[in-house]
Each structure stands twice: as structure tokens, then as C-alpha cells.
There are 2 protein chains.
Amino acid sequence: MDVSQLLKGVLDVAVLAVVKDEDGYGYDVLRRLRAAGFDEIGDASVYGTLRRLYLNGSLTSYVVPSDEGPHRKYYAINDAGRTVLEESIKTWRGFADSIDQVLKLNREVAA
Amino acid sequence: MDVSQLLKGVLDVAVLAVVKDEDGYGYDVLRRLRAAGFDEIGDASVYGTLRRLYLNGSLTSYVVPSDEGPHRKYYAINDAGRTVLEESIKTWRGFADSIDQVLKLNREVAA
DNA sequence: AAAGACTACTGTGGAAAGCAGAGTACTCCG
DNA sequence: CGGAGTACTCTGCTTTCCACAGTAGTCTTT
């Protein structure tokens with residue numbers, strides 16, 4: 001099974017969730033996602049997702065110069081993005097439950 | 001969030017899991033998946049997935065005439081398919097855990 | 001018997017999204 | 001000065017789901 005196919009559609013939520021905690025720039029979001037278990041994720045996927053979320057109005061953006069390298073393009077979540085995130089979490093939950101049912105994995109929401 | 005995007009890559013496992021329980025033909029697999037919660041799944045997706053799994057050697061196939069309509073093309077899982085299914089379940093589990101972690105959903109495998 | 005509904009499958013073409021690869025550019029270290 | 005690490009952009013490829021169209025069989029209803 002190809003993990004990159006599984007990411008389709010889910011990357012949006014993952015990126016929104018990560019940015020919701022704290023504003024982030026592309027390279028940083030990439031590191032945070034890799035640390036969370038998406039270790040094979042491609043950089044272009046993250047940059048592309050951030051751009052897409054910015055273009056559809058879920059994120060705002062600002063540039064900050066850096067002493068340790070090139071400038072950083074920060075992204076921050078806004079109200080629209082928070083709404084999308086909440087809806088997406090519900091969708092994900094229902095979807096994951098259906099899969100677990102078919103695979104007969106008994107998972108429960110613990111908290 | 002678009003459910004059809006979430007299906008990418010996962011449909012393979014879902015179909016394998018459904019067919020593993022009992023041999024099935026396309027229209028029937030479609031109904032079983034819809035009953036499991038994938039109520040918006042397109043028929044062409046299921047037929048396409050069955051064809052793909054057959055071509056890559058995970059399923060075998062045989063035709064059975066029917067009294068209630070056109071003939072039925074049954075698919076059965078084989079050893080290769082079972083191996084793919086087991087590997088895919090592991091991949092799914094790891095993937096879903098990563099998502100849950102990022103979304104801060106505390107799920108646990110109960111049994 | 002014609003019309004419609006349900007069953008059952010095939011094939012084509014389109015769209016979305018992840019990703020590889022190439023390119024740009026800045027900083028720091030040896 | 002060259003290499004490594006950081007940081008981003010852009011183009012084009014690939015996979016996969018799906019809408020749509022078409023074929024074809026059975027059964028019910030009018």
C-alpha cells in the first residue's frame with residue numbers, strides 16, 4: 001500500500017491542525033509532520049498544500065526575515081480555516097470508523 | 001473535505017477485506033461497502049478497484065450465471081491478496097495513528 | 001407488449017493531489 | 001571556495017476516484 005495515496009485529502013487537515021497550534025512556515029510544518037509519523041512526506045506536497053489552503057482562504061500569510069537562512073513565509077489559521085478544520089475532523093472520524101469497521105479493527109474514542 | 005479524496009489508496013484494502021470474508025461480485029461488494037458507511041462511493045470506483053486487484057494478482061475471478069439478472073463476475077482473494085491485505089492493515093494502522101496524533105484524537109485499539 | 005426499474009458490467013475521459021526533479025537563493029562552517 | 005543546511009517556487013508525471021455513456025439481462029406494471 002502506498003502511503004502517498006493515503007495522504008490525499010488528509011494532508012489538508014494535518015497541515016491545518018499543525019498550523020492551528022502555532023503559526024508555521026513551510027519547512028517547519030514539514031518537520032513537524034515528519035516528526036508526527038509522516039516521515040516519507042515530500043516537501044513539495046507540504047508547500048503545495050499551504051499554498052492551496054492560502055488560496056482558498058483558510059490561511060493568512062506573512063513573511064519574516066531570518067538570520068539563519070532565507071526568509072520564512074509564515075502561515076496562520078483564520079476563522080474560515082478553523083471551521084474547515086472542525087468539519088474535516090468530523091469527516092475524518094466517520095471515515096476512519098468505516099474503515100475500521102470493514103477491517104474489523106475495534107477502535108474507540110477514548111476521550 | 002472531500003470523502004472521495006480520502007478513499008484514494010484505502011479502497012484497495014476495503015475491497016480486499018470485504019472479499020476476504022466471502023467471495024463477491026462487483027455489485028454486491030458495492031452494496032456491502034455502502035452498508036459499512038461508504039454510502040457515497042461510486043460504482044465505477046469499485047469495479048475499477050476489483051479489476052486492478054485482479055490484474056495485480058491479488059484476486060482470482062469466475063463467472064456465475066444468475067436467475068435474477070445478468071451474469072455475475074465473482075472475485076475471490078488468494079494468498080497474494082491476503083499478504084497484501086495484512087501489510088495494508090499495518091500501514092493503515094500506522095497512518096491512522098499519525099493522523100489521530102496530529103488531530104489530537106485519542107483512539108485506542110480495544111481488542 | 002411496451003415501459004420502467006433493478007441488476008450487473010465495461011470503457012472513456014476528466015480532475016484532484018502527492019511528488020520527483022530542477023532551479024533559485026541565503027547563511028554558516030571548514 | 002565548496003558543501004551542507006535552510007527555505008521556497010515551478011513544471012510535469014502518475015495514480016486513483018468518479019461521472020457518464022453504453023450494453024444487457026430479469027421482473028413488474030400498465
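Computed from a predicted model, the values in this text were never measured in an experiment. Residue numbers begin at 1 in each chain, while the letters A, B, ... track the order of the sequences. Every heavy atom of this structure was used, including side-chain atoms; hydrogens, water molecules and symmetry mates were not.
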Please, which pairs that meet ring pair (Phe, Tyr, Trp, His ring centres under 6.0 Å) have at least one residue in [range], sequence neighbours excluded?
range: residues 36-58 of chain B; answer: A:Phe95-B:Phe38
range: residues 2-21 of chain A; answer: none
range: residues 61-86 of chain B; answer: B:Tyr25-B:Tyr74, B:Tyr62-B:Tyr74

Notebook entry, point to check: To the side chain of A:Ser4, which of D:dA19, C:dG18, C:dC9 is closest?
Noted result: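 For A:Ser4, the side-chain atoms sit closest to C:dG18.
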Next item on the list: Taking only the side-chain heavy atoms of A:Lys8 (C-beta and beyond), determine which of D:dC8, C:dA16, C:dA8 contains the nearest atom.
Entry: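 Closest of the options to the side chain of A:Lys8: C:dA16.
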Margin query: Under 4.0 Å, heavy atom to any atom of DNA chain D: which of residues 26-43 of chain A qualify?
Written below: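 Only A:Gly26, A:Tyr27, A:Arg31 qualify.
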Item checked: Atom pair distance, as rounded to whole Å: CG in B:Asp2 and C1' in D:dT16 ->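 The distance from CG of B:Asp2 to C1' of D:dT16 comes to 13 Å, rounded to the nearest Å.
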Item checked: Interatomic distance where CG belongs to A:Leu7 and P belongs to D:dT16 [whole Å] ->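 A:Leu7 atom CG is separated from D:dT16 atom P by 14 Å.
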Return all side-chain donor-acceptor pairs below 3.5 angstrom for residues 76-88 of chain A, not counting sequence neighbours, or 'none' if the list is empty.
residue	atom	partner	partner atom	Å
A:Asn78	OD1	A:Ala80	N	3.2
A:Asn78	OD1	A:Gly81	N	2.8
A:Asn78	ND2	A:Gly57	O	3.1
A:Asp79	OD1	A:Arg82	NH2	3.2
A:Thr83	OG1	A:Asp79	O	3.1
A:Ser88	OG	A:Val84	O	2.8

Item checked: Closest contact, heavy atoms only, B:Gly26 versus B:Leu50 ->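 Looking at all heavy atoms of both residues, the closest pair is CA-CD1, 3.5 Å.
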Notebook entry, point to check: Is A:Asp28 salt-bridged to A:Arg32, cutoff N-O under 4.0 Å?
Noted result: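 Yes, A:Asp28 and A:Arg32 are salt-bridged.
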Notebook entry, point to check: So which pairs with a foot in residues 65-77 of chain A pass salt bridge (Lys or Arg N to Asp or Glu O under 4.0 Å), sequence neighbours left out?
Noted result: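 Counting only pairs at least two positions apart or across chains, the salt bridge (Lys or Arg N to Asp or Glu O under 4.0 Å) contacts touching residues 65-77 of chain A are A:Glu68-A:Arg72.
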Next item on the list: Keeping to residues at least two apart or across chains, list the salt bridge (Lys or Arg N to Asp or Glu O under 4.0 Å) pairs with something in residues 38-59 of chain A.
Entry: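 Non-adjacent pairs meeting salt bridge (Lys or Arg N to Asp or Glu O under 4.0 Å): A:Asp12-A:Arg52.
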Note to self: Going by the rule side-chain contact (heavy atoms from CB on, under 4.5 Å), which residues pair with B:Gln5 if we only count those two or more places apart in sequence or in a different chain?
What the structure shows: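 Testing B:Gln5 for side-chain contact (heavy atoms from CB on, under 4.5 Å), a comparison that skips the adjacent residues, returns A:Lys8, B:Asp2, B:Lys8.
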Note to self: Taking any heavy-atom pair under 4.0 Å as a contact, classify A:Gly48: base, sugar-phosphate, or nothing.
What the structure shows: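 Counting heavy atoms under 4.0 Å across all strands, no contact is made by A:Gly48.
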Note to self: So B:Ser45, base contact, sugar-phosphate only, or nothing? Heavy-atom distance under 4.0 Å.
What the structure shows: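 Base contact.
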Note to self: Expected output is a numbered-order residue list: members of residues 54-65 of chain B with a heavy atom under 4.0 Å from any atom of DNA chain C. What is it?
What the structure shows: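 Close to the strand, none.
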Check: What about B:Tyr27 and B:Leu53, same hydrophobic cluster or not, with Ile/Leu/Val/Met/Phe/Trp/Tyr joined at side-chain heavy-atom distances under 4.5 Å?
Finding: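 Each belongs to a different hydrophobic cluster.
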Checklist line | Closest-nucleotide 5' rank along DNA chain C - winner of B:Gln5 and B:Tyr25 | finding: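 Nearest nucleotide further toward 5': that of B:Tyr25.
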Margin query: For B:Thr49, give me all partners under side chain to side chain donor-acceptor pair (under 3.5 Å), at least two apart in sequence or on another chain.
Written below: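 For B:Thr49, no residue satisfies side chain to side chain donor-acceptor pair (under 3.5 Å) once neighbours in sequence are set aside.
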Enumerate all atom pairs, one protein N or O and one N or O from nucleotides 25-28 of chain C, separated by less than 3.5 Å.
residue	atom	partner	partner atom	Å
C:dT27	O3'	A:Asp67	O	3.0
C:dC28	OP1	A:Asp67	O	3.4

Note to self: Can you work out whether A:Arg51 or A:Arg72 has the more 5'-proximal nearest nucleotide on DNA chain D?
What the structure shows: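 That would be A:Arg72.
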